[in-house]
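These notes are about the structure you will find just below.
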Amino acid sequence: MRRTRTLRDDSAAEQLVVNVDGGPPDTDYTLILDGRSGGRVHVREWNSQNRGGAAREYDTSAEEIYARLERAAADRRRISTDLLRIRAWLDAPAR
């Protein structure tokens with residue numbers, strides 16, 4: 001019997017949280033993605049240096065944030081959210 005993996009559909013969610021584990025010399029970081037519109041996304045980011053403080057906030061293209069996460073995956077860093085789920089969320093229309 002073959003098992004298939006089903007992905008939860010998060011594309012309708014207003015926010016997506018992604019944790020990326022670091023490894024020397026990289027730092028771990030958490031991204032909260034929201035406010036997608038016209039191929040852009042608002043990002044709030046925490047890393048090991050600012051974990052207890054305010055997030056770094058910025059707007060970037062959906063393609064840029066996806067490329068960054070793809071590079072993390074290629075570097076074999078653990079990512080809390082599957083890349084397929086991230087892609088679906090970034091491609092979904094804003095609510």
- Between the main-chain N or O of A54 and the side-chain N or O of N50, is there a donor-acceptor pair closer than 3.5 Å? yes

- Side chains of R77 and V20: does their closest heavy-atom pair fall under 4.5 Å? yes

- Residues which pass side chain to side chain contact (heavy atoms under 4.5 Å, CB included) with R76, listed by chain and number, not counting sequence neighbours: none

- Would a 4.5 Å heavy-atom cut-off, applied to side chains only, mark W46 and N19 as touching? no

- S61: side chain to side chain donor-acceptor pair (under 3.5 Å) partners, not counting sequence neighbours: none

- Task: For H42 and D59, run side chain to side chain donor-acceptor pair (under 3.5 Å): C-alpha distance rounded to whole Å, both residues' side-chain angles, the deciding distance at 0.1 Å, then the answer.
- Result: CA-CA 4 Å; H42 183 75; D59 293 318; 2.8 Å; yes

- Only residue of L16, T81, L69 satisfying side-chain contact (heavy atoms from CB on, under 4.5 Å) with L31 is L69

- Task: For R78, enumerate each residue passing the side chain to side chain donor-acceptor pair (under 3.5 Å) test, keeping only those at least two apart in sequence or located in another chain.
- Result: D21

- Could you give the distance from CG (L90) to CZ (R40), rounded to the nearest 0.5 Å? 12.5 Å

- d(L33 CG, Q15 CD) to nearest 0.5 Å is 9.0 Å

- Task: Would you check if I65 and Y58 make a side-chain contact, meaning some heavy-atom pair closer than 4.5 Å?
- Result: yes

- In short, R44 meets A55 closest at the heavy-atom pair CB-CB, 4.0 Å

- With sequence neighbours excluded, tell me which residues meet salt bridge (charged side-chain N to carboxylate O under 4.0 Å, His left out) with R87. E63, D91

- Item | Single-linkage hydrophobic cluster, 4.5 Å side-chain cutoff, V41 and Y66 together | yes

- Looking at residues at least two apart in the chain, or sitting in another chain, which of them share a side chain to side chain donor-acceptor pair (under 3.5 Å) with R56? E45

- Message: Run the side chain to side chain donor-acceptor pair (under 3.5 Å) test against N47 and tell me which residues pass, sequence neighbours left out.
- Response: none

- Verdict with reasoning, Y29 to V18, per side-chain contact (heavy atoms from CB on, under 4.5 Å): CA-CA 8 Å; Y29 57 91; V18 181; over 6 Å; no

